[in-house]
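Counting convention: from 1, in listed order, for ligands and their atoms alike. In this chain, residues are counted from 1 in sequence order. Keep in mind the model is a prediction, meaning the values are calculated, not measured.
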Amino acid sequence: MARVLSCIQPTGPVHLGNYLGALVNWVSGQNRNDVFHGIVDLHALTVTDKPGVIGDQTLQLAAVLFAVGLDPKVATVFVQSHIPAHSQLGWIMECTVSYGELSRMTQFKDKQSKREAEFVSAGLFTYPALQAADILLYDAEEVPVGDDQKQHIEITRDIAMRFNHRFGETFVIPKAVTPPVGARVMDLQDPTSKMSKSTESDAGCVYLLDSPEAIMKKFKRAVTDSDNEVIYDREKKPGVSNLLDILSASTGTAPQALAGQYSQYGKLKSDCGEAVVSILQPIQARYTNLISDPSQLHEMLSVGAIRAEAIAQKTLQRAQQAIGMTPRR
Ligand code: TRP
């Protein structure tokens with residue numbers, strides 16, 4: 001069993017792309033590997049400036065993770081800020097990475113330019129150091145990530161190797177693994193970009209907690225093209241292919257095979273909407289149960305925190321000892 005870690009930021013509602021692209025794999029992975037899943041609220045803090053938001057989003061995300069099927073008895077699901085070792089090792093990592101390395105992170109450059117007039121926190125810049133701490137604290141061997149996160153895993157490896165070289169063998173060197181092919185869900189209004197909650201209107205983004213009516217409406221209005229032929233071709237027919245991919249992920253039939261069953265976009269859209277509604281309904285029912293009973297939710301998170309903390313604390317001590325910091329007596 002490999003030790004596998006993946007984390008998610010509590011920055012807003014979870015959408016279908018997050019679910020079909022990643023969370024589905026988290027759920028199936030819990031029985032194959034020793035999995036750790038952090039809700040990384042400290043990372044979300046890099047772009048948070050309103051009181052009361054982050055805690056709610058953290059609990060909502062926890063409810064979603066349990067609702068989609070993560071089992072606290074099997075998977076270690078924890079909130080990053082509940083484990084102080086993240087912040088503590090995070091600082092040590094900041095001192096092990098260089099300014100130049102952080103300056104080369106494409107995600108920072110991206111986020112910085114998108115925030116134009118907004119506040120760009122130093123945390124946004126040192127973010128990869130905290131991420132390195134997340135990974136190294138758990139001796140994670142594998143970190144399943146999409147392309148956008150590969151650079152963060154590379155820098156984590158560099159930091160870990162540098163630390164081991166300076167202070168002696170301390171950290172397991174993790175590797176990025178390509179997650180089992182989850183569906184690559186694109187925006188329903190702009191099928192050439194990934195479904196995401198950051199686009200201006202949410203007409204192209206289906207949220208996990210959208211009502212059945214809202215879901216059907218979004219699918220019916222999905223952008224396709226004018227020639228009305230149902231063919232699976234991501235390049236030439238991104239809109240139609242996206243619908244076929246979503247339908248495929250929801251039903252288990254290959255998109256090419258599904259294409260042959262349709263002669264009209266209208267029917268494809270409504271079948272796709274219905275398939276999504278039917279996979280989301282049981283998740284929504286479990287979510288409603290969980291979110292209405294916060295003490296149960298806190299209890300589930302505390303199970304994860306206890307397990308996570310025991311491991312994280314040991315790794316932190318190992319690092320402090322390797323450096324030779326004076327222990328408190
Ligand atoms: N940077 C990741 C993201 O946006 C979130 C993250 C933080 C993460 N720490 C991690 C992912 C550790 C994997 C492992 O999406």
Side-chain angles (χ1 to χ4, degrees), residues 2-15 17-19 21-23 25-26 29 33-48 54 57-58 61-62 64-65 70 75-83 85-94 97 101-102 105-112 114-115 121 123-160 171-179 182 184-185 194-198 304 308 311-312 315:
R3 173 73 58 82
V4 178
L5 175 121
S6 26
C7 299
I8 183 167
Q9 294 194 54
T11 43
V14 172
H15 58 68
N18 304 132
Y19 177 59
L23 299 184
N25 293 327
W26 289 22
N33 291 306
D34 180 17
V35 300
F36 284 68
H37 295 299
I39 299 175
V40 288
D41 53 347
L42 298 173
H43 276 100
L45 220 50
T46 57
V47 293
T48 299
I54 198 138
Q57 288 182 343
T58 298
L61 181 54
V64 166
L65 295 184
L70 284 175
T76 303
V77 179
F78 62 95
V79 175
Q80 186 185 31
S81 68
H82 291 177
I83 321 288
H86 285 260
S87 306
Q88 292 172 282
L89 189 66
W91 177 255
I92 295 177
M93 298 294 97
E94 282 185 48
V97 69
E101 284 169 312
L102 291 177
M105 292 289 113
T106 52
Q107 193 169 67
F108 171 70
K109 291 191 245 179
D110 252 32
K111 286 192 182 170
Q112 183 189 30
K114 281 199 190 116
R115 292 182 72 77
S121 66
L124 204 59
F125 184 67
T126 60
Y127 179 116
L130 183 60
Q131 181 161 351
D134 299 340
I135 297 169
L136 300 177
L137 277 176
Y138 298 97
D139 295 330
E141 296 155 291
E142 298 181 4
V143 188
V145 286
D147 288 340
D148 61 325
Q149 289 295 317
K150 291 249 164 74
Q151 206 185 16
H152 285 163
I153 312 307
E154 267 316 302
I155 202 173
T156 298
R157 291 168 58 87
D158 292 343
I159 296 174
F171 295 123
V172 171
I173 310 297
K175 64 171 189 292
V177 295
T178 311
R184 197 152 171 262
V185 180
K194 256 173 51 172
M195 184 174 280
S196 85
K197 58 195 163 215
S198 55
I311 297 172
T315 313

In ligand 1, the atoms that come under 4.0 Å of a heavy atom of Val40 are 7 (C)
Given that the side chain starts at C-beta and the backbone is N, CA, C, O, which of these parts of Ile135 lies under 4.0 Å from ligand 1, counting heavy atoms, or is it both or neither?
side chain
For atom 14 (C) of ligand 1, the closest protein heavy atom turns out to be Leu5 CD2, 3.5 Å
May I ask which of Gln107, His86, His43, Gln131 has a heavy atom nearer to atom 11 (C) of ligand 1 than the others do?
Gln131
Atoms of ligand 1, numbered as shown, that sit under 4.0 Å from any heavy atom of Val143
13 (C), 14 (C)
Would you mind listing which atoms of ligand 1 come within a distance below 4.0 Å of any non-hydrogen atom of Cys7?
6 (C), 8 (C), 9 (N), 10 (C), 11 (C), 12 (C), 13 (C)
Test Asp134 against His43 for side chain to side chain contact (heavy atoms under 4.5 Å, CB included), laying out the working first.
CA-CA 10 Å; Asp134 299 340; His43 276 100; 2.9 Å; yes
Are Glu142 and Lys175 close enough, and set up right, to give a side chain to side chain contact (heavy atoms under 4.5 Å, CB included), and what steps lead you there?
CA-CA 5 Å; Glu142 298 181 4; Lys175 64 171 189 292; 4.2 Å; yes
Between the CD atom in Glu101 and the CG atom in Asp158, the distance rounded to the nearest 0.5 Å is 6.0 Å
Determine the minimum heavy-atom distance between Ala140 and Pro174, stating which atoms define it.
O-CB, 3.4 Å
Side chains of His86 and Ser81: do they bring a donor and an acceptor to under 3.5 Å?
no
Show which atoms of ligand 1 fall inside a sub-4.0 Å distance from at least one heavy-atom site of Tyr127.
1 (N), 2 (C), 3 (C), 4 (O), 5 (C)
Minimum-distance protein heavy atom relative to atom 15 (O) of ligand 1:
Gln149 NE2, 3.5 Å
In sequence, state the C-alpha distance, the side-chain angles, and the governing distance for Tyr127 and Met105, and then conclude on side chain to side chain contact (heavy atoms under 4.5 Å, CB included).
CA-CA 10 Å; Tyr127 179 116; Met105 292 289 113; over 6 Å; no
Let me confirm one number: the CG-CD1 distance from Leu136 to Ile159, rounded to the nearest 0.5 Å.
7.5 Å
Please state which protein non-hydrogen atom is closest to atom 9 (N) of ligand 1 and give its distance, to 0.1 Å?
Asp134 OD2, 2.7 Å
